[in-house]
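A short write-up of the structure that comes next.
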There are 2 protein chains.
Amino acid sequence: MIEKNTEEKIVQAAEKVFIEKGLAGARMQEIADEAGINKALLHYYYRSKEKLFEVVFKLAFKSFVPNLVKAFDGPEDFFTKIERFVETYLNLIEKNPHIPIFIINELSKNPNRLVSLISYLNIDIQPIFDVIEEEIEKKTIKQIEPQELIINILSLCVFPIVAKPMVQTILFKGYESEYNALMKKRKSSIAQFVISAIKN
Amino acid sequence: MIEKNTEEKIVQAAEKVFIEKGLAGARMQEIADEAGINKALLHYYYRSKEKLFEVVFKLAFKSFVPNLVKAFDGPEDFFTKIERFVETYLNLIEKNPHIPIFIINELSKNPNRLVSLISYLNIDIQPIFDVIEEEIEKKTIKQIEPQELIINILSLCVFPIVAKPMVQTILFKGYESEYNALMKKRKSSIAQFVISAIKN
DNA sequence: GTCTATAAGGTGATAGAC
DNA sequence: GTCTATCACCTTATAGAC
C-alpha cells in the first residue's frame, strides 16, 4: 500500500462521506476521522465545507458524464455501439453504484452546480445526434428525436440502480440475489430492448 | 380558503420543506415558519424531527407507489393498458415532480424505511406479473421477465424527471421549453417505444 | 393549545502553539 | 503542515407561563 499524501487522503475521505451522506448530511468531523486527521487540517487545505464539496462533486461528475459521450465513438455498426455502450456504462455504474444518485440528488437541490461544470468540461453531444440522425436517414431505425433515444437508453441503465431499494423490495420480495441476477442480464437485454424498439 | 387546523398546517409545511430540502437539509425552524407557528408546537404534535419526517415520507410514498399497481387494472387490451399507465403516471409526476427524487434519495440513505411501509400498505404486484405472463403465453409479446418489463416502463417515466437538470442542460442547451416539449410528447411516445420493443 | 425562553449538544471555522 | 483549544453560531428539544 502506497502512502498517500494528506491532500489525497482528504479528497478520498470526502468522496466517501459526501457521496454516502450528501452535502447536507455530511460532517466535517466524519471526513476528518475517515482521513485520519483533524478538522483544522481540512480547512487548511480546502477553505470550507462547500469548497471541499465542489471538488468532490466535480470529480464524481467527471467520472460519469463525459465517458458517456466517448462510448458512442468508434467505427462499429450502430446497434453494436448501443450494445457496447450499455455494457460499458453498466459496468461503470456497478463499480460506483452510489454516484448516479449522488449527482442527481445534489443537482436537484442546486442545479447551478452544472453551469460551471459544463463550460469547464465542454461536453459536446452533437456527434451523437449526428450518428442517430444518419441512421434515421438510412432507414435502419425508425423516426425518433435523438434526444429522446439518448434519454431512453440512459433511463434504462440508470434508473434501476438509483431505485434499487424499491425495485429489490417490491419486485423481488427483498432478495438481493434475484435483483443482481436481473441486473447482470440487463447488460445485454437493455440493448436488445432498445434495438427492438427502434429497428426498422 | 378554508381555515386548516394546526396539525394539517404542520404536515403541509413539513411536506414542502422536507421534499425540497431532504431530511438532513430541512430545519424545524423553517417548517414552523412555513406553517406560521413556532417550533415548540411542532414538538407538541410530533415528538421529534424524525417522527414528523416519517409522517411526510409515508404520505409521499403512498401517493406514488400504490397507484402504480391500480393503473394496471381494468379490462382494456394490454397495449392500451401500457398507454394509459404511462399517461396517468406522467400526469401524476408532472403535478408532483419533486416527490420521486425525494423518495429515491431518502430510501438510498435509509432503505429500512421501506420495511415498515410495505407491510403497512401491503402492495401486491402479482396481478401485474400474471397479466404480463398471460400476454407472453398468448404470443402477443416477446419473452421477457415481468419484473424487467415493469422496470423498463418505470425507468422511461421517472428517470427524465429526476434527472431534469442534467437532461435540460446537456441535451437541450438549458432550454426548458424544449425539455417541456419533449416531456409532453413522451406521454404517448414512451408507450409506443415499449410496445415496439415487445410486440411480436 | 400556544407561546417565550432556554437548555444541551452539535457544527463549521479560526487562532495560535509546535 | 499538523495539532489542540476555542469561538460563535445553529439546531433539536424541553420547561414553564398563559
Side-chain angles (χ1 to χ4, degrees), chain A residues 1-60 102 105-110 112-113 116, chain B residues 1-60 98 102 105-107 109-110 112-113 116:
Chain A
M1 188 60 168
I2 297 153
E3 192 51 42
K4 287 181 289 283
N5 68 31
T6 305
E7 211 167 334
E8 279 167 354
K9 280 194 290 186
I10 291 175
V11 174
Q12 211 164 319
E15 279 184 301
K16 186 176 173 208
V17 175
F18 276 132
I19 288 171
E20 190 184 323
K21 307 278 176 75
L23 172 57
R27 296 290 166 254
M28 294 298 265
Q29 185 61 61
E30 193 179 348
I31 296 173
D33 292 347
E34 182 74 34
I37 56 162
N38 58 44
K39 273 192 302 177
L41 214 46
L42 249 47
H43 287 90
Y44 174 80
Y45 280 96
Y46 303 88
R47 252 192 29 249
S48 65
K49 186 186 181 184
E50 171 65 24
K51 289 248 185 297
L52 179 53
F53 179 83
E54 278 163 20
V55 171
V56 169
F57 186 81
K58 188 182 273 190
L59 281 173
F102 169 70
N105 188 51
E106 297 300 337
L107 280 182
S108 91
K109 253 120 208 165
N110 183 1
N112 272 349
R113 294 195 189 286
S116 55
Chain B
M1 186 64 167
I2 297 154
E3 192 51 41
K4 289 180 289 282
N5 68 32
T6 306
E7 211 167 335
E8 279 167 353
K9 281 194 289 186
I10 291 175
V11 174
Q12 211 164 319
E15 279 184 301
K16 187 176 173 207
V17 176
F18 276 132
I19 289 171
E20 190 184 322
K21 307 277 177 75
L23 171 57
R27 295 291 167 255
M28 293 298 264
Q29 185 61 60
E30 192 178 350
I31 296 173
D33 293 347
E34 183 73 36
I37 56 162
N38 59 42
K39 274 191 301 176
L41 213 45
L42 250 46
H43 287 90
Y44 174 80
Y45 281 96
Y46 303 87
R47 252 194 25 252
S48 64
K49 185 186 182 184
E50 170 65 24
K51 290 250 187 294
L52 179 54
F53 178 83
E54 279 163 21
V55 171
V56 169
F57 186 80
K58 188 183 275 190
L59 282 172
H98 297 108
F102 170 70
N105 188 50
E106 297 301 337
L107 280 182
K109 254 120 206 166
N110 183 1
N112 274 348
R113 294 195 188 288
S116 56

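In what follows, chains are A, B, ... by sequence order, proteins preceding strands, each numbered from 1.
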Whole angstrom value for the distance that separates [atom2] of [N] from [atom1] of [X]:
{"X": "A:Met28", "N": "C:dG12", "atom1": "CE", "atom2": "P", "answer": "7 Å"}
{"X": "A:Lys21", "N": "C:dT11", "atom1": "NZ", "atom2": "C1'", "answer": "14 Å"}
{"X": "B:Arg47", "N": "D:dA15", "atom1": "CZ", "atom2": "C1'", "answer": "17 Å"}
{"X": "A:Lys51", "N": "C:dT14", "atom1": "NZ", "atom2": "P", "answer": "11 Å"}
{"X": "B:Glu8", "N": "C:dG1", "atom1": "CD", "atom2": "P", "answer": "13 Å"}
{"X": "B:Arg27", "N": "C:dG10", "atom1": "CZ", "atom2": "C1'", "answer": "11 Å"}
{"X": "A:Leu42", "N": "C:dT14", "atom1": "CG", "atom2": "P", "answer": "13 Å"}
{"X": "B:Gln29", "N": "D:dA13", "atom1": "CD", "atom2": "P", "answer": "13 Å"}

Side-chain donor-acceptor pair present, B:Gln29, B:Asp33, cut-off under 3.5 Å: yes
Would you tabulate the pairs of protein nitrogen or oxygen atoms and nucleotide nitrogen or oxygen atoms of nucleotides 2-6 of chain C closer than 3.5 angstrom?
| from | atom 1 | to | atom 2 | distance (Å) |
| --- | --- | --- | --- | --- |
| C:dT2 | OP1 | B:Thr6 | OG1 | 2.9 |
| C:dT2 | OP2 | B:Thr6 | OG1 | 3.1 |
| C:dT2 | OP2 | B:Tyr45 | OH | 2.7 |
| C:dC3 | OP2 | B:Asn38 | ND2 | 3.2 |
| C:dC3 | O5' | B:Asn38 | ND2 | 2.9 |

Between CD1 on residue B:Ile31 and CD on residue B:Glu15, distance to nearest 0.5 Å: 10.5 Å
By the ring-ring contact (aromatic ring centres under 6.0 Å, His included) test, which pairs, at least two apart or in different chains, include something from residues 14-50 of chain B? B:Phe18-B:Phe53
Under the rule for side chain to side chain contact (heavy atoms under 4.5 Å, CB included), what residues qualify as partners of B:Arg27, not counting sequence neighbours? B:Glu30, B:Lys49
Tell me whether A:Lys109 at atom NZ has more than 12 heavy atoms from other residues, nucleotides or ligands lying less than 6.0 Å away. yes
Would you say C:dT14 has OP1 or OP2 under 4.0 Å from some side-chain N or O of A:His43? no
Under 4.0 angstrom, heavy atoms only, what part of the nucleic acid is B:Ala32 near: base, sugar-phosphate, or nothing? nothing
Tell me whether A:Asn105 contacts the main-chain N or O of A:Ser108 through its side chain, where contact means a donor paired with an acceptor under 3.5 Å. no
